[in-house]
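Data block below; observations after.
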Amino acid sequence: MSNLTAVTDATFEAEVLKSDKPVLVDFWAEWCGPCRQVAPILDEIAGAHGDKMNFVKLNIDENPVTPSTYRVTGIPTINVYQGGEVVRTIVGARPKAAILKELEGLI
């Protein structure tokens, strides 16, 4: 599906909130068609900008605590965390250009 590193409720704080770089988190699920559409786009962006930002994914079905904490109610939701805080949120499948525009200033 995606080459992004998987994080879990248990690893979220260490991998995302305590990261010294911005972290893009793709909240997704196996059954989500739009999530499958966005996964290769995020892989491309990660390949091009992985030196400036970490890219991870979190399966909401297997890890219900974190999405609830951050009020993720629809997927795909992409949150960008910097310094332990959400600095960008993108809800729904978007084309690559739209995602890159949202990430301006971070990558």
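Numbers here simply count residues along the sequence, with the first being 1.
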Output every pair passing ring pair (Phe, Tyr, Trp, His ring centres under 6.0 Å) with a member in residues 35-64, not counting sequence neighbours, ordered by first then second residue.
none
Going only through I, L, V, M, F, W and Y residues with side-chain contacts under 4.5 Å, is there a path from [X] to [Y]?
| X | Y | value |
| --- | --- | --- |
| Ile78 | Ile107 | yes |
| Ile90 | Val23 | no |
| Leu58 | Trp31 | yes |
| Val25 | Val87 | no |
| Met53 | Leu17 | no |

Nearest 0.5 Å, what's the [atom1]-[atom2] distance between [X] and [Y]?
| X | Y | atom1 | atom2 | value |
| --- | --- | --- | --- | --- |
| Leu4 | Asn54 | CG | CG | 10.5 Å |
| Leu103 | Lys52 | CG | NZ | 11.0 Å |
| Lys57 | Leu42 | NZ | CG | 10.5 Å |
| Asn63 | Thr11 | CG | OG1 | 7.5 Å |
| Ile60 | Ile75 | CD1 | CD1 | 4.0 Å |
| Leu100 | Ile41 | CG | CD1 | 9.5 Å |

Looking only at non-hydrogen atoms, find the nearest pair between Pro76 and Pro34 and report the distance.
CD-CB, 3.6 Å
For Ala93 against Gln37, the heavy-atom pair lying closest together:
CB-OE1, 3.9 Å
The criterion is side-chain contact (heavy atoms from CB on, under 4.5 Å); which residues satisfy it with Glu62, sequence neighbours excluded?
Asn59
Which residues satisfy the side-chain contact (heavy atoms from CB on, under 4.5 Å) test with Ala98, sequence neighbours excluded?
Arg94, Pro95
Residues which pass side chain to side chain donor-acceptor pair (under 3.5 Å) with [X], listed by chain and number, not counting sequence neighbours:
| X | answer |
| --- | --- |
| Glu44 | Lys96 |
| Ser68 | none |
| Thr77 | none |

Residues two or more places apart in sequence or in another chain: which of them pass ring pair (Phe, Tyr, Trp, His ring centres under 6.0 Å) with Phe12?
Tyr70, Tyr81
Only counting residues at least two apart or in another chain, list the ones meeting ring pair (Phe, Tyr, Trp, His ring centres under 6.0 Å) with Phe27.
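For Phe27, no residue satisfies ring pair (Phe, Tyr, Trp, His ring centres under 6.0 Å) once neighbours in sequence are set aside.
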Pairs in or reaching into residues 83-92: which pass side chain to side chain donor-acceptor pair (under 3.5 Å), with residues at least two apart or in two chains?
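Qualifying pairs: Asn79-Thr89.
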Residue pairs involving residues 97-107 (criterion salt bridge (Lys or Arg N to Asp or Glu O under 4.0 Å); sequence neighbours excluded):
none
Counting only N and O atoms by type, is there a donor-acceptor contact under 3.5 Å from the side chain of Asp9 to the main-chain atoms of Thr66?
yes
Would you please name every residue forming a salt bridge (charged side-chain N to carboxylate O under 4.0 Å, His left out) with Glu13, sequence neighbours left out?
Lys18
Residue list, salt bridge (charged side-chain N to carboxylate O under 4.0 Å, His left out) with Lys21, at least two apart or on another chain
none
Does the side chain of Pro64 come within less than 4.5 Å of Val72's, by heavy atoms?
no
Minimum side-chain heavy-atom gap Ile45-Leu24 below 4.5 Å
no
